[in-house]
Number of protein chains: 2
Amino acid sequence: MANLEEIIAAAAKVFRTKGYHAATVQDIADAVGILKGSLYHHFKSKEDLLYLIVKEPIARIYATMADIVASESPPAEKLRRAILAHLEAFDQHYPHLFVALRERDEMKRRFREQFKLSPTQYERCWQQIVREGIKSGDFRPDLDVHVVSYGLLGMLNWLHTWYDPRGRLSVREIADQFSALALAGLARGPRRTRPG
Amino acid sequence: MANLEEIIAAAAKVFRTKGYHAATVQDIADAVGILKGSLYHHFKSKEDLLYLIVKEPIARIYATMADIVASESPPAEKLRRAILAHLEAFDQHYPHLFVALRERDEMKRRFREQFKLSPTQYERCWQQIVREGIKSGDFRPDLDVHVVSYGLLGMLNWLHTWYDPRGRLSVREIADQFSALALAGLARGPRRTRPG
């Protein structure tokens with residue numbers, strides 16, 4: 001008797017390796033080791049299952065991000081925490097969130113309907129952090145808030161094409177590298193060299 | 001009478017808006033305005049057509065990148081040129097390269113077979129630029145070459161989720177922003193502030 005969590009974990013792996021479109025419900029039944037008919041007690045369609053896979057990890061990272069943005073930390077610290085939280089979620093929910101990224105188009109409508117925070121609002125959290133940093137004088141004012149935010153998200157989300165949970169570096173190490181790169185890139189340079 | 005170029009352009013648009021998996025050959029025939037049967041004079045299958053769409057733009061950006069890497073420019077200049085070339089290719093071949101990015105898994109095997117330069121070798125070009133910059137002392141030595149290279153590629157490739165050719169900023173402006181961010185992020189800081 002497989003429970004829903006086992007089914008979700010198996011389906012995430014199948015979607016990750018075969019791709020959502022190529023994978024069949026039969027593939028998932030085989031991976032779980034139960035009959036296809038029994039799977040339909042747990043979900044109605046492949047699309048339903050995709051939603052079940054991404055639902056919780058997405059809800060969690062959205063909630064974490066809302067907390068970070070609302071916190072009292074200085075902007076550079078918020079950015080560092082956001083980068084780490086985003087990458088740690090990839091790792092904790094591997095490969096669920098990579099399936100979500102790969103199938104974003106598929107999920108867009110459903111995301112909008114089901115979550116309080118939409119992908120657009122998630123992007124706005126990053127924009128807000130960058131904007132706060134510019135306002136506080138920590139980040140350089142010459143860069144476009146939208147381009148920078150999309151750049152950062154791209155840097156992070158691209159992990160779905162190369163990250164290996166058994167790879168040489170942990171997500172924490174990767175997050176440190178990206179934070180170092182992003183914070184130096186955003187730093188308001190001249191300020192540092194002035195006395196006082 | 002539609003020629004191959006018109007068919008490729010129409011198919012790229014259909015794949016971009018509908019997604020490769022959801023799009024049918026009938027959709028493409030409708031977009032071109034010819035009978036489905038006539039389309040099969042030009043290609044054998046939907047996969048064939050996907051390959052035709054991405055073939056030339058990919059071959060060109062690979063060739064440009066090989067030139068940039070082999071050139072005598074200093075590493076920072078190479079990086080700036082690489083960022084601009086990568087983004088200009090997105091724009092010149094819109095939406096062909098975005099279809100390629102979205103369907104990378106689909107194309108991987110075929111890429112390997114048909115191009116002299118594989119996606120992995122393209123990634124190595126970026127790694128080489130970063131490595132040269134570290135060696136020359138222009139880029140900071142504390143960051144991992146692979147993580148930085150993937151970070152840069154992610155920053156650029158993520159455009160496929162947000163870039164609008166009729167948008168507020170041109171690719172050149174976006175490239176300038178990303179270059180400024182990347183070069184400041186990679187710059188070997190202390191050097192700048194030392195006299196001489």
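Quick note on labels: first sequence line is chain A, next is B, and so on, each numbered from 1.
Contacts of residues 71-92 of chain A with chain B at a heavy-atom distance below 4.5 Å are absent; not one residue qualifies. At a heavy-atom cut-off of under 4.5 Å, chain B is reached by A/Thr161, A/Trp162, A/Arg168 from residues 160-168 of chain A, listed in order of number.
Of all heavy-atom pairs spanning B/Arg140 and A/Ala180, the tightest one is NH1-O, 3.4 Å. Considering all non-hydrogen atoms of both residues, B/Leu101 and A/Trp158 come closest at CD2-CH2, 3.8 Å. In plain terms, the two heavy atoms of B/Asp144 and A/Gln177 that are nearest each other are N-OE1, 2.6 Å.
With sequence neighbours excluded, the residues forming a ring-ring contact (aromatic ring centres under 6.0 Å, His included) with B/His21 are A/His21, listed by chain and number.
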In residues 34-41 of chain A, what donor-acceptor pairs under 3.5 Å come from side-chain atoms, sequence neighbours left out?
none

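Of the listed residues (A/Tyr150, A/Phe178, A/Tyr20), the one with the most heavy-atom contacts under 4.5 Å to chain B is A/Tyr150. Ranked by heavy-atom pairs under 4.5 Å with chain B, the list A/Leu156, A/Leu153, A/Val147 is led by A/Val147.
With a 4.5 angstrom heavy-atom cutoff, A/Leu159 does not touch chain B via any of its atoms. Contacts of A/Asp142 with chain B are made by backbone atoms alone, with heavy-atom separations under 4.5 Å and no side-chain atom involved.
Heavy-atom contacts from other residues, nucleotides or ligands closer than 6.0 Å to NZ of B/Lys13 number 12 or fewer.
The distance from the CG atom of B/Leu181 to the CE atom of A/Met155 is 8.0 Å, given to the nearest 0.5 Å.
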